[in-house]
Amino acid sequence: MNQWGYVIACWVIVIGVLGVYAAIIIGRGRALSRQVPPEDRRWM
Amino acid sequence: MTTHLTQSELPPGAAGGRSGDGVPTGTGSRGTRILGLVALLGLVFLGLIGLWASPEDRIQGNLVRILYVHVPSAMLAYLACFITTVGSAVYLWKKSRWWDLVAYASAEIGAVFTGITLVTGMLWGRPTWGVYWVWDARLTSTAMLFLLLLGYLAVRRIPAAAPVRSKRSAIVGLLLVPNVIIVRQSVEWWRTLHQEATLFANGLESEIHGLMLFAWFVGVVVFGVIFAWLLIHRFRLAWLQEQIEEHGLERAIADRRAEADAEAEISGAAEAADPSPTEPGTDSNGEAAR
Amino acid sequence: MEPVVHLRAAVSLLGRFPALAGVDLDVTAGEIVLLQGPNGAGKTTLLRTCAGLLPVVSGEAVVLGHDLTRDRRAVRAEVGLLAHATGLYDELTVHDNVTFWTRAAKADPADADAAMARLGLDGRLRDVAVGRLSAGQRRRTSLAVLVARRPRLWLLDEPHAGLDHDARDLVDGLIRDAAGSGATVLVASHELDRAAALAGRSVSVVGGTVQGGARVP
Amino acid sequence: MFRDAALIAGKDLRLEARSRVALNQVVPFALLVLVLFAFALDPDRGILSRATPGLYWIAVLFSALLAIQRAFTIESADGNRDALRLSGLDPAGIYLGKAAAIAVQLAVLEVLLGIGVAVLYSTHLAGWGLLVVTCVGATAAIAAAGTLYGVLAAGLRVRETLLPLLLLPVLAPVLIASTRAFEAALSGATADGWPWVGLLAVFALVYIVAGVVGFGPLLEET
């Protein structure tokens with residue numbers, strides 16, 4: 001594995017992990033917000 | 001990240017059935033969409049600068065490009081840990097639910113960033129030192145931070161009532177920064193006892209400058225925006241979870257009162273028929289009614 | 001006469017369950033009040049709320065002059081709660097337990113020995129580990145602690161349960177003496193015949209609320 | 001506060017004297033750990049003698065986990081939390097009392113383990129001043145942090161697994177400091193050991209303050 005291999009691996013892992021985490025939060029956010037009556041969802 | 005953008009661009013009506021007059025159907029809002037956009041563009045820009053435009057480093061060669069994501073992650077991990085401690089302190093002092101949830105959201109995001117920092121640190125270490133893990137002062141303290149955060153998150157998930165959980169997590173959260181300081185101090189002394197600070201230890205080693213410094217700077221800014229975006233969303237998610245728990249409570253009070261009124265009428269009627277309250281009949285009557 | 005216990009529409013929570021859903025209750029000094037009602041109606045919670053152990057989330061709650069909605073700790077020193085779970089240390093002897101809890105309450109250890117004598121615990125039971133006692137003996141031990149603390153408000157949760165006949169007379173005697181000396185007693189009990197004879201007034205607790213508790217001010 | 005602390009410590013130690021759990025179970029466990037280390041690190045290849053300070057303190061740390069777990073099991077009789085809140089004891093006093101009781105048991109354990117190490121690993125004990133001061137500092141640090149995290153995990157179904165997860169990362173600096181201080185003492189270079197003792201003292205102080213402040217709110221939860 002030359003240097004570029006490690007660099008790409010790092011970047012892919014970082015962006016991948018952040019992307020998956022963001023998607024999980026958005027997904028759960030949508031699921032939960034259906035159970036809460038609309039007036040509580042007025043975000044600032 | 002791009003998948004997230006298209007989802008939130010969907011007209012709210014499409015995603016959630018009865019979302020009413022443009023009320024967001026998730027934890028998204030106009031502000032977070034802008035922030036999300038900035039984060040994405042920043043990331044693309046960082047990729048261009050970090051991977052392509054900036055030159056190789058004299059000593060490390062291309063490996064310096066790993067630092068453009070590694071160092072910002074480490075900085076944000078420690079920032080998240082600081083926010084958790086501040087949030088826990090304010091919660092304990094002023095009982096403000098808002099700060100309690102900020103502490104929780106920040107700790108979870110902090111754990112994600114610490115994990116990223118460790119992985120990229122190891123991947124940077126492999127070609128540099130020949131081994132994935134070196135008991136270097138900074139890497140070791142980051143690992144300890146990761147364990148401390150896992151401990152905090154474990155307390156957040158204990159099967160107990162919400163106030164119990166929040167209070168115990170706040171105490172652990174409050175001690176997060178002191179623990180990290182003590183850990184860093186002891187690990188620093190411990191490692192410098194054996195060899196002077198390694199090349200990697202003092203961060204901006206081998207006088208990084210010019211475009212590399214700019215790339216590093218962009219990395220910090222972009223990761224900062226990503227952190228903020230995640231924090232807002234994770235906070236709102238925690239807020240929603242709490243609302244749901246809260247609603248459960250109000251309904252329970254209403255049911256409880258309804259049950260009491262129902263019983264009162266029945267036992268009232270029984271007393272009318274048979275005035276002396278100490279008659280065992282009334283008691284069993286009351287029992288049967290339940 | 002300012003009531004010892006004054007509750008108006010008091011709501012208190014057991015975790016997230018609203019055990020008391022709006023209680024009105026007035027009790028004056030020297031009174032013995034019987035709390036009647038089916039299991040799970042909230043009798044135990046009412047006693048623990050008066051002892052300052054549960055948060056009063058809405059309504060008024062003043063016990064022995066302390067406003068429970070603001071500070072729940074101050075009232076605890078002047079209250080004696082006899083609960084099902086005694087909280088005694090099973091591996092310590094009766095004598096060790098009673099003296100520990102008495103000294104913790106800053107009461108005089110001599111009162112502890114007197115209380116133990118009064119409840120017949122100074123004989124062979126004195127140095128027996130509480131873990132090996134029967135339920136009735138354990139109750140007498142925690143009663144001894146309560147007596148030694150000389151509380152102004154007695155909160156007794158099923159004091160007669162599991163006691164043999166003369167032990168019950170002993171308990172009744174203690175309650176009468178306490179009321180006689182100006183203390184106030186709240187008794188939650190299923191034993192209607194015995195408790196009714198003892199109590200000056202009885203109220204029924206149903207579904208987290210109290211019927212007939214409030215005296216028209 | 002200190003009067004209540006003395007009362008609680010007395011109660012805990014009397015309870016230990018009667019039930020003998022620490023003496024009959026925790027001390028044998030600590031010796032067992034030493035023996036297992038000997039099996040793991042073949043004695044005659046010299047690793048064991050070089051690693052003795054570290055192994056000693058790991059044995060102390062694991063035994064401390066058991067002692068702390070035990071200290072809060074005796075408080076888990078049902079109704080105990082209510083009794084403590086109604087008892088009129090100052091929460092800070094309860095914290096200091098329990099920490100003191102744990103510290104006393106740990107001190108006894110450390111002495112017995114010291115003998116065990118001297119005999120089993122035939123280590124030549126030197127630099128007594130530093131050894132004793134390190135033990136005192138480490139015991140105070142472990143007891144102070146252990147009691148606070150012990151009450152955090154108390155009363156939960158998951159307490160057996162939560163306490164180690166919370167406490168061991170926090171005690172890592174204590175392990176580093178006490179081991180290095182012991183190495184300095186045994187190797188004769190006692191001057192190197194004193195900064196580590198300083199770290200132990202700071203650690204103990206931070207947790208005694210946190211415990212005194214934090215114990216009240218923790219006891220108060222409904």
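Since this is a predicted model, take the numbers as computed values, not measurements. Each chain gets a letter, A, B and so on, in the order the sequences are listed, and its residues count up from 1.
The residues C:Glu91 and D:Arg70 are annotated as salt-bridged, a charged nitrogen and a carboxylate oxygen being separated by less than 4.0 angstrom.
Interface remark: D:Arg14 contributes backbone and side-chain atoms alike to the contact with chain C (heavy atom separation under 4.5 Å). In this structure, no portion of C:Ala77 lies under 4.5 Å from any heavy atom of chain D. When heavy atoms are compared at a cutoff of 4.5 Å, C:Ala83 does not approach chain D at all. D:Arg81 does not touch chain C: none of its heavy atoms, backbone or side chain, sits under 4.5 Å away.
At distances below 3.5 Å, at least one donor-acceptor pair connects side-chain atoms of C:Lys106 with backbone N or O atoms of D:Gly88.
Atom CZ of D:Phe62 sits in a sparse spot, with 12 or fewer heavy atoms from other residues, nucleotides or ligands closer than 6.0 Å. Annotation: C:Arg76, atom CZ; neighbour count of heavy atoms from other residues, nucleotides and ligands within 6.0 Å is above 12. A 6.0 Å sphere centred on CZ of D:Arg159 holds more than 12 heavy atoms belonging to other residues, nucleotides or ligands.
The shortest side-chain heavy-atom distance between C:Arg73 and D:Glu220 falls under the 4.5 Å cut-off. Looking only at side-chain heavy atoms (C-beta outward), D:Asp12 and C:Tyr89 stay at 4.5 Å or farther from each other.
By number of non-hydrogen pairs under 4.5 angstrom with chain C, the leading residue of D:Ser87, D:Ala17, D:Ser76 is D:Ser87. Per-residue heavy-atom pair counts under 4.5 Å with chain C were compared for D:Asn80, D:Leu86, D:Leu84, and the maximum is reached by D:Leu86. Among C:Asn97, C:Asp96, C:Val145, the residue making the largest number of heavy-atom pairs under 4.5 Å with chain D is C:Asp96.
Atoms CG and CG, on C:Leu54 and D:Asp82 in that order, are 8.0 Å from each other to the nearest 0.5 Å. The structure places CG of C:Asp90 at 11.5 Å from OG of D:Ser19, a figure rounded to the nearest 0.5 Å. Distance check: D:Leu89 CG to C:Phe100 CZ gives 5.5 Å after rounding to the nearest 0.5 Å.
Nearest heavy-atom pair across C:Leu53 and D:Arg85 is O-NH2, 2.8 Å.
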